Structures are given as structure tokens and as C-alpha cells.
Amino acid sequence: MGQVSTQVSYLVIGGGRVARHLGCYFEQLGLPFHTWNRSQSRTELADLARRSTHALLLISDPAIGPFAVEHRAELGDLPLIHFSASFSNPDIHGAHPLMTFADELYDLPTYESTPFVLESESPLSFQDLLPGLLNPSYRISRVQKSRYHALCVMSGNFTTMLWEHAFQEFSEKFGLPKEVLLPYLHQTASNLAESSPGQSVLTGPLARGDSETIARHLDALGVDSYRSVYEAFVRVHSS
């Protein structure tokens, strides 16, 4: 790992899950940082800003712009960086960590392997925005961010909902432990990770075009709210 300037000091604004993970990452790297949240005063914010080189606005999307305007005096000339996947503002640099952040904190290799997606319009390099981090970084245009975020949510959050539903149903309906599904989950993820762009690793009745089995599945799901999800996937696959 390269040497990090001792002049770098981050101001992490926010007290949520991403802020906790970032603090854990900085601690493992030995990067100096300060934290501030709404329970602290504006005077404290100004004092911490004077001792920092970069301000990271790790707050909700609707709050980012108003916060930057409201606290510009306290933040001074610090470069402002947000981690939102969809928010964009020409006066605030975007650097989205493409990772899911659970309650449990991660180890250093997990944090270091997390890609950051920057905005093409930003004149600053990744090292300008986040000095001391050696993560891979990529760029997309601001106008692409909403679609980019939608795909992130569908692929990550929506599949999480499907798996959590399966875990619950296996336990409540069949008396089967969560562990019985884990080899299937891990192999599915592995197949996806190893596939080439455009190559489908889909299996099962949708891949086979087995309409009779699909009809039995829908009948068995009955009033389950996820029946409509199954039907939606059938329609998407057929389109």
C-alpha cells in the first residue's frame, strides 16, 4: 500500500450504516477522520471542518443539497463528496460505493475490493476525491445515475427479498433450516459471477419453456403475494 499524506483528514457527516462502515474502513487503513451528526452543534461542525481536508456527506439523498447550502459557512472550502447512487449536484462530487452494507462491519479486503462509481463530469480523480483509498473506480454520466441505481436495487435488494421469503417459507411451511438453501444460493452466485456478458446461466422451467410446471407453481402459490412476482418474471422472460 502506498504512503498516505499525513495532511489528509476526513470529516464524515452522518451517523447511519454507511458512515459506520466507512469509519471502520478508515480505522483499518489508519486514515485520520472526524465524525459529526445532527446531535452536535454548528460550532462543532465548523471546528471539525477546519481540521479536515475533505467532507463526506453520508446523509439521506433529499438532505444532501439543502445541507450543503445550509452549512456552507461551516464547511468552508472543503471539497464535498456524497456516496449516493442516484443523487447528483454539480457542486457536490459523487462517489458511490457499489456494495451492500449490512449491520455487521466488514474486513479490510472486503472494503478494499469495493468499486466506487464516480461521475464523468467531475474534474477530480478518485485519488483527489478520496485520497488514501486504493479501491477500483469507474465513471458514468450524471444523467445515467437513476437507471444505474434502479439496476443496483433490482439486482441486489429485490433478490434479497426473494431469498428472505424463501428462507422464511422453507422454515414455516416445510420445517427446513435456512442452511439447506445455502449451497443453491452460493452456486447461483458463482455461476453468475463466472458468466460472460450476455451469457445466461438461468435454469429451471423458465429456461426450459416448461409452461405446465409454471402453471402448477402459480397454482401452488395461491394467494402468496409473491405469486405476482413470479408472473412478472414469466412475462419479462417471454418478452
Side-chain angles (χ1 to χ4, degrees), residues 1-108 110-119 121-139 142 145 149:
M1 183 177 297
Q3 293 296 312
V4 178
S5 170
T6 56
Q7 300 301 313
V8 174
S9 182
Y10 288 100
L11 173 54
V12 179
I13 296 171
R17 188 178 291 173
V18 175
R20 290 193 300 105
H21 275 275
L22 189 66
C24 180
Y25 186 18
F26 285 170
E27 287 175 353
Q28 292 183 70
L29 288 175
L31 283 174
F33 69 99
H34 311 286
T35 60
W36 185 91
N37 60 59
R38 291 281 191 180
S39 68
Q40 297 169 261
S41 70
R42 297 177 73 134
T43 300
E44 289 177 281
L45 177 61
D47 178 60
L48 293 174
R50 284 192 292 270
R51 293 187 275 147
S52 303
T53 58
H54 296 70
L56 307 181
L57 308 186
L58 307 188
I59 53 182
S60 66
D61 287 15
I64 295 172
F67 183 93
V69 173
E70 180 183 355
H71 295 282
R72 186 72 263 186
E74 289 85 9
L75 295 171
D77 295 328
L78 292 183
L80 307 182
I81 301 107
H82 70 81
F83 279 16
S84 169
S86 58
F87 174 83
S88 64
N89 183 309
D91 297 321
I92 310 172
H93 303 281
H96 176 238
L98 187 46
M99 175 57 67
T100 179
F101 295 105
D103 289 332
E104 183 180 353
L105 298 174
Y106 303 153
D107 59 15
L108 183 58
T110 299
Y111 290 127
E112 289 183 319
S113 66
T114 299
F116 277 79
V117 178
L118 313 182
E119 297 170 345
E121 294 83 354
S122 174
L124 301 183
S125 69
F126 179 73
Q127 276 304 310
D128 290 330
L129 292 172
L130 296 168
L133 304 189
L134 300 179
N135 298 64
S137 64
Y138 304 87
R139 290 180 182 265
R142 290 192 183 109
K145 293 186 70 173
H149 191 212

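Every heavy atom of this structure was used, including side-chain atoms; hydrogens, water molecules and symmetry mates were not. Computed from a predicted model, the values in this text were never measured in an experiment.
Scanning both residues, Leu129 and His54, for their nearest heavy atoms gives O-CD2, 3.3 Å. Considering all non-hydrogen atoms of both residues, Ala19 and Val12 come closest at CB-CG1, 4.0 Å. Contact record, Gln40 with Thr35: OE1-O, 3.6 Å, taken as the closest heavy-atom pair.
Side-chain contact between Tyr25 and Leu133 is present, with heavy atoms from C-beta onward closer than 4.5 Å. Using a 4.5 Å heavy-atom cutoff, the side chains of Leu45 and Ile13 are in contact. Inter-residue side-chain proximity for Leu11 and Leu75 is flagged as met; some heavy-atom pair is nearer than 4.5 Å. Looking only at side-chain heavy atoms (C-beta outward), Thr114 and Tyr106 stay at 4.5 Å or farther from each other. Looking at Ile92 and Phe67, their side chains never come closer than 4.5 Å, going by heavy atoms from C-beta outward. Inter-residue side-chain proximity for Lys145 and Phe87 is flagged as unmet; no heavy-atom pair is nearer than 4.5 Å. In this structure, the side chains of Phe26 and Leu56 come closer than 4.5 Å at one or more pairs of heavy atoms.
Side-chain atoms of Asp47 do not come within 3.5 Å of backbone N or O of Glu44 as any donor-acceptor pair. With hydrogens and angles ignored, the 3.5 Å screen pairs no side-chain donor or acceptor of Arg42 with any backbone N or O of Glu74. A donor-acceptor pair is defined here as one N or O able to donate and one able to accept, closer than 3.5 Å; no such pair exists between the side chain of Ser9 and the backbone of Thr53. A donor-acceptor pair under 3.5 Å links the side-chain atoms of Arg139 to the main chain of Ser122, judged by distance alone. Remark: side-chain polar atoms of Glu119 are not paired, donor with acceptor, to backbone N or O of Ser88 under 3.5 angstrom.
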Open item on the list: Checking Leu29 against Leu108 for the side chain to side chain contact (heavy atoms under 4.5 Å, CB included) test, could you report, in this order, the C-alpha distance in whole Å, the side-chain angles of both residues, the deciding distance, and whether it holds?
Closed with: CA-CA 8 Å; Leu29 288 175; Leu108 183 58; 3.9 Å; yes
TODO: Assess whether ring-ring contact (aromatic ring centres under 6.0 Å, His included) is satisfied between Phe83 and Phe116, documenting all intermediate values.
DONE: CA-CA 9 Å; Phe83 279 16; Phe116 277 79; 5.5 Å; yes
Open item on the list: Apply side chain to side chain contact (heavy atoms under 4.5 Å, CB included) to residues Arg72 and Leu80 and explain how you reach the verdict.
Closed with: CA-CA 10 Å; Arg72 186 72 263 186; Leu80 307 182; 3.4 Å; yes
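Between His21 and Tyr111, the side chains place a donor N or O and an acceptor N or O closer than 3.5 Å (distance only, hydrogens not considered).
Of the listed residues (Leu130, Leu57, Ile81), just one forms a side-chain contact (heavy atoms from CB on, under 4.5 Å) with His93, and that residue is Ile81.
Interatomic distance, CG of Asn89 versus NE2 of His82, reported as 7.0 Å (0.5 Å rounding).
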